[in-house]
Amino acid sequence: MHLPNPAPIDAQAVLAWYDRHARDLPWRVSPADRARGIRPDPYRVWLSEVMLQQTTVAAVKNYFLRFTSLWPSVFDLAAAPLDSVLKQWAGLGYYARARNLHACAQAVVRDHGGVFPMTSAGLQTLPGVGAYTSAAIAAICFEEPIAVLDGNLDRVLARYYALPVPVRVAKDELRAALQAAVPRRAGDFAQAMMDLGATICAPRTAACMLCPIQPGCLATRTLDPTIYPLKPAKADRPVRKGHAYVMVDADGDVYLQSRPANGLLGGMTEVPGSAWSPELGEVAYPVAGDWKHRGQVVHVFTHFRLELEVWSALVDPDGLEDGWWAGRSALADEALPTLFRKVLAIAGVD
DNA sequence: AACGCGGGGCT
DNA sequence: AGCCCAGCGTT
């Protein structure tokens with residue numbers, strides 16, 4: 001056991017705080033409306049939760065509004081071409097989420113008549129819906145009394161218990177402690193605890209004087225509550241290098257192609273380039289042309305840092321088979337991840 | 001259990 | 001210039 005004599009979390013204090021300070025979010029039903037019996041739309045909650053996986057509220061908001069405007073129901077999203085979904089997801093990152101999102105919408109329509117399962121166990125059978133997301137939807141939409149444990153809660157609980165080990169070591173104990181605290185209004189409690197983590201018990205700051213569970217918190221009695229959660233040693237981030245080739249034809253169109261369906265930036269759009277390796281390889285232009293070096297793009301992924309040398313040339317469009325030529329005005333609609341938008345910007349094509 | 005997988009905002 | 005995020009699927 002790693003939890004020092006766990007003092008129960010005061011769920012009623014958390015709910016009282018939430019009633020006064022709940023953030024107004026496009027996918028959320030306010031605690032006042034919830035008390036009047038208004039229930040959140042599982043489709044909108046599911047969509048928001050998938051977008052919010054490892055992604056901040058600020059980054060998600062406009063994507064959520066765009067998606068719900070284009071596809072107001074799970075039937076609309078299921079009927080959309082995957083390509084359209086990827087294009088709308090471009091820039092949000094973790095693109096497997098977009099592929100799973102589409103697969104999930106189709107599964108809900110095909111296997112469940114367009115109605116989301118109403119339990120966490122049922123929800124977790126869906127593509128892209130894991131332990132966190134299934135619990136969040138079940139609590140928020142269906143008042144299932146289940147612990148909803150995300151990165152925010154890891155931090156809040158690690159501080160509350162002054163956890164002396166990294167979170168992953170004590171994950172089960174934290175979950176049990178949170179489960180024991182789940183009150184009626186499980187959905188509001190889940191959202192309240194995540195709001196608490198996002199606003200009061202934030203990664204780099206802890207506004208303990210404003211915190212509704214400060215009385216039971218062990219970290220707030222220490223010199224610096226933000227030392228929790230204790231971090232395991234960080235792995236170093238290797239560098240990979242490569243070349244990117246931006247080809248423009250006489251009309252000013254740009255040559256694009258699709259990446260493989262799975263893996264890094266899977267299914268997204270790119271410009272041709274070399275493999276990415278620890279040492280920069282020789283330049284190998286796809287076709288003849290007046291190639292010029294336009295600069296370097298640095299892009300940081302989760303597990304490596306990429307340095308791309310960007311080349312561009314005016315070329316003859318014949319002899320290129322795998323991709324397509326995109327007009328400049330159409331680039332905004334392509335499924336280009338941020339990396340390749342940087343490449344095009346350096347090449348002066350944007 | 002460990003790893004692969006984006007991008008942006010905050011400090 | 002790091003650090004962290006409303007995690008999931010694969011191995």
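Protein chains get the first letters and strands the later ones, always in sequence-line order, with residue 1 at the start of each.
At C/dG7, one or more side-chain N or O atoms of A/Gln54 fall inside 4.0 Å of OP1 or OP2 (strictly under the cut-off). Residue A/Tyr95 places at least one side-chain N or O closer than 4.0 Å to OP1 or OP2 of B/dG7. Under 4.0 angstrom from either OP1 or OP2 of B/dC3 there lies no side-chain N or O belonging to A/His303. Residue A/Thr133 places at least one side-chain N or O closer than 4.0 Å to OP1 or OP2 of C/dC8. Contact annotation: A/Arg204 side-chain N/O to B/dG9 OP1/OP2 distance is not under 4.0 Å. Phosphate contact (OP1/OP2 of C/dC4, side-chain N/O of A/Lys231, threshold under 4.0 Å): present.
Residues A/Pro42 and A/Cys141 come closest through the heavy atom pair CA-SG, 3.6 Å.
Using cut-offs of 30° and 60° on the angle between ring planes, the pair A/Tyr245 and A/Tyr285 is perpendicular. Using the six-membered ring where Trp is involved, A/Phe67 and A/Trp71 have ring planes that are perpendicular, over 60° apart on the 30 and 60° scheme. Using cut-offs of 30° and 60° for the angle between ring planes, the A/Trp46 and A/Tyr43 rings count as tilted.
Residues from residues 337-345 of chain A with heavy atoms under 4.0 angstrom of DNA chain C: there are none. Listed by residue number, there are no residues of residues 101-111 of chain A with a heavy-atom contact under 4.0 Å to DNA chain C.
Between the CD atom of A/Gln124 and the P atom of C/dC8 there is a distance of 8 Å, given to the nearest Å. One can place NZ of A/Lys171 at 13 Å from P of B/dA2, the figure rounded to the nearest angstrom. Rounded to a whole Å, the CG atom of A/Leu153 is 9 Å from the C1' atom of C/dA6. Atom NE2 of A/His299 is separated from atom P of B/dG8 by 7 Å (rounded to the nearest Å). Rounded to an integer number of Å, the gap from A/Arg155 CZ to B/dC10 P is 14 Å. If you take CZ of A/Arg240 and C1' of B/dC5, they are 11 Å apart, rounded to a whole angstrom. When rounded to the nearest whole Å, the span between CZ of A/Arg305 and P of B/dG7 equals 16 Å. Per the geometry, CG belonging to A/Leu123 stands 12 Å off P belonging to C/dC8, to the nearest Å.
Two residues, A/Asn100 and A/Leu25, neighbour DNA chain C, and the one matched to the more 5' nucleotide by heavy-atom proximity is A/Leu25. Mapping A/Thr205 and A/Gly91 onto DNA chain B via the closest heavy atom, the residue that lands nearer the 5' end is A/Gly91. Ranked by how close their nearest DNA chain B nucleotide is to the 5' end, A/Gly266 and A/Arg168 are led by A/Arg168.
At a threshold of 4.0 angstrom between heavy atoms, the contacts of A/Ala190 with the nucleic acid are absent. A/Arg28 comes within 4.0 angstrom of a nucleotide base, judged by non-hydrogen atoms across all strands. A/Val57 comes within contact range of no nucleotide atom at all, as no heavy-atom separation falls under 4.0 Å. At a threshold of 4.0 angstrom between heavy atoms, the contacts of A/Asn262 with the nucleic acid are absent. Counting non-hydrogen atoms under 4.0 angstrom, A/Trp27 reaches a base of the nucleic acid.
Look at A/Arg36 and A/Asp33 and you find a salt bridge, because one of the NZ, NE, NH1 or NH2 atoms lies within 4.0 Å of a carboxylate O, short of that distance. Taking a cutoff of 4.0 Å between a charged side-chain nitrogen and a carboxylate oxygen, A/Arg168 and A/Asp154 do not qualify as a salt bridge. For the pair A/Arg44 and A/Asp41, the salt-bridge criterion is not met [side-chain N within less than 4.0 Å of a carboxylate O]. Of the charged side-chain nitrogens involved, at least one lies within less than 4.0 Å of a carboxylate oxygen, so that A/Asp83 and A/Lys87 count as a salt-bridged pair.
B/dC3 sits 24 Å from C/dA6 when the P atoms are compared, rounded to a whole Å. Taking the C1' atoms as reference points, C/dT10 lies 22 Å from B/dG7, given to the whole Å. Spacing of P atoms, C/dT11 relative to B/dG6, comes out at 16 Å, to the nearest Å.
Judged by distance alone, with hydrogens and angles left aside, A/Thr55 brings no side-chain donor or acceptor close enough to the base of B/dG8 to form a pair under 3.5 Å. Not a single donor-acceptor contact under 3.5 angstrom links the side-chain atoms of A/Thr302 to the base of B/dG4.
When the nucleotides C/dA6, B/dG6, C/dC4 are ranked by their closest atom to the side chain of A/Ala198, C/dA6 comes out on top. Between C/dG7, C/dC8, C/dA6, one nucleotide has an atom nearer to the side chain of A/Tyr94 than all others, and that is C/dG7.
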For A/Tyr132 and A/Gln53: C-alpha separation, side-chain torsions, deciding distance, then whether side chain to side chain donor-acceptor pair (under 3.5 Å) applies. CA-CA 9 Å; A/Tyr132 162 74; A/Gln53 289 165 8; over 6 Å; no
Do A/Asn100 and A/Arg97 pass the side chain to side chain donor-acceptor pair (under 3.5 Å) test, and can you show the C-alpha distance, the side-chain angles, and the key distance before you say yes or no? CA-CA 5 Å; A/Asn100 284 329; A/Arg97 291 187 297 172; over 6 Å; no
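Checked against the 6.0 Å centroid criterion, the rings of A/Phe301 and A/His303 do not qualify as a close aromatic pair.
Atom CZ of A/Arg221 has more than 12 neighbouring heavy atoms from other residues, nucleotides or ligands inside a 6.0 Å radius.
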